[in-house]
Amino acid sequence: MTLSEFLASLDALAAEAPARIEAAADLDAWTEVRNALVGRQSGRLTDLLANLIQLPKEDRREGGIRANTVKVAIEEALEARRLALAAAAATGGPALDPTMPARERWRGAVHPVSLVIDEVVEIFRELGFTIALGPEAEHAWYNFGALNFPPDHPAMDLHDTLYVGDEQVLRTHTSPVQVRTLQQYPPPVRVLAPGNVYRSDPFDPSHAPMFSQIEGLVVDEGVSFADLKATLSHFARRFFGPTTKTRFRPSYFPFTEPSAEMDVQCGVCRGAGCGVCKQSGWVEILGSGMVHPAVLEAAGLDSEKYTGWAFGMGPARTAISRHGIPDIRILYDSDVRFLDQFAR
Ligand code: DAH
């Protein structure tokens with residue numbers, strides 16, 4: 001064998017080896033390819049190297065060097081392929097590709113009702129309100145009696161209220177926090193009380209057996225209905241936008257006198273009338289009124305000296321009219337496809 005014949009055989013082997021190595025689809029196939037190329041018994045390179053001794057003496061050195069270069073290249077390619085196959089076997093998928101774009105991380109979203117609560121709290125915080133909390137399992141006296149509900153008021157019926165004991169209820173509103181706060185802190189009082197409330201209502205498109213409310217309470221000397229109107233109108237403009245129109249309608253609650261409900265112009269149709277505002281152009285946002293003297297007295301305050309105003313709103317209702325959500329139950333389904341739309 002001449003040197004050029006030897007080198008030609010080497011080149012042929014170097015040329016075909018990479019494709020054969022890449023073609024090995026699993027570790028068994030890889031072992032076969034390795035044995036065929038560099039196996040000690042019958043590998044192509046091993047056979048070629050055996051021919052080295054037959055070359056003219058002066059050509060053996062070059063032949064050996066060239067053979068070694070091809071050997072190193074084949075062994076490197078074999079090792080790379082073995083690692084890739086091992087990684088694929090370990091992950092059960094194709095080999096790791098570090099050039100693939102990373103998967104985007106899901107950061108979660110703040111629930112649309114929590115968004116409303118956070119914004120309302122922030123607006124009143126700017127006005128000097130602090131947060132007050134009360135128990136969800138509440139004494140019936142705080143939930144009804146102290147709030148001037150007459151003893152035979154229908155709200156106290158088993159039909160509407162969930163009792164957890166003879167005189168213990170799941171609070172049906174956040175208003176009992178008014179009395180608890182006034183018992184604990186002397187005026188001036190300016191508090192906001194967000195929290196969950198419970199009613200014995202079936203789950204339907206506009207009712208939920210549990211929902212959140214935000215209560216507001218201001219008590220001091222010389223507080224008037226003008227303060228109520230100014231503060232709540234300011235809130236509506238901060239929350240719904242500076243051009244928002246509001247209106248107050250006379251209403252009735254046992255714990256306020258006089259009482260009023262505040263409507264804002266419907267944000268979906270801008271007052272023209274639509275499904276969200278039931279064609280009226282207005283959406284009811286909250287109940288409010290001057291704190292009834294009997295409530296101040298129940299909390300141990302002198303109702304000749306102090307006056308106050310209060311309001312209660314439902315953030316779920318506000319979220320619904322803000323986004324035109326057709327069914328309140330969607331808010332409680334925990335479907336991330338819905339909740340994800342409110343990511344901020
Ligand atoms: N507690 C009332 C309810 O659940 C809401 C409410 C109305 C609260 C007027 C108030 C108020 O503080 O002044 O329907």
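In this chain, residues are counted from 1 in sequence order. Both counts, for ligands and for their atoms, begin at 1 and track the order of listing. Nothing here was measured: the structure is a model prediction, and the numbers come from that model.
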Classify the angle between the aromatic ring planes of Phe342 and His323 as parallel (below 30°), tilted (30 to 60°) or perpendicular (above 60°). perpendicular
Heavy atoms only: give me the nearest Asn143-Arg171 pair and the separation to one decimal. OD1-CA, 3.2 Å
Before giving the answer on ring-ring contact (aromatic ring centres under 6.0 Å, His included), spell out for Phe255 and His173 the whole-Å C-alpha distance, their side-chain angles and the decisive distance to 0.1 Å. CA-CA 12 Å; Phe255 37 92; His173 51 178; 5.6 Å; yes
Within the 6.0 Å centroid threshold, strictly below: Phe235 and Phe129: no
List the atom pairs, with distances to 0.1 Å, where a side-chain N or O of residues 130-137 and a protein N or O form a donor-acceptor pair under 3.5 Å, not counting sequence neighbours.
from: Glu136; atom 1: OE1; to: Tyr198; atom 2: OH; distance (Å): 2.5

Within 45° of the axis and under 6.0 Å from the centre of the six-membered ring of Tyr142, does NZ or CZ of Arg180 qualify? yes
Do any nitrogen or oxygen atoms of ligand 1 lie under 3.5 Å from a protein nitrogen or oxygen, and which ones?
from: ligand 1; atom 1: 1 (N); to: His173; atom 2: ND1; distance (Å): 3.0
from: ligand 1; atom 1: 1 (N); to: Ser175; atom 2: OG; distance (Å): 3.0
from: ligand 1; atom 1: 4 (O); to: Arg199; atom 2: NH2; distance (Å): 3.0
from: ligand 1; atom 1: 4 (O); to: Gln213; atom 2: NE2; distance (Å): 2.9
from: ligand 1; atom 1: 12 (O); to: Gln178; atom 2: NE2; distance (Å): 3.1
from: ligand 1; atom 1: 12 (O); to: Glu215; atom 2: OE2; distance (Å): 2.6
from: ligand 1; atom 1: 12 (O); to: Phe311; atom 2: N; distance (Å): 3.4
from: ligand 1; atom 1: 12 (O); to: Phe311; atom 2: O; distance (Å): 3.3
from: ligand 1; atom 1: 13 (O); to: Ala310; atom 2: O; distance (Å): 3.1

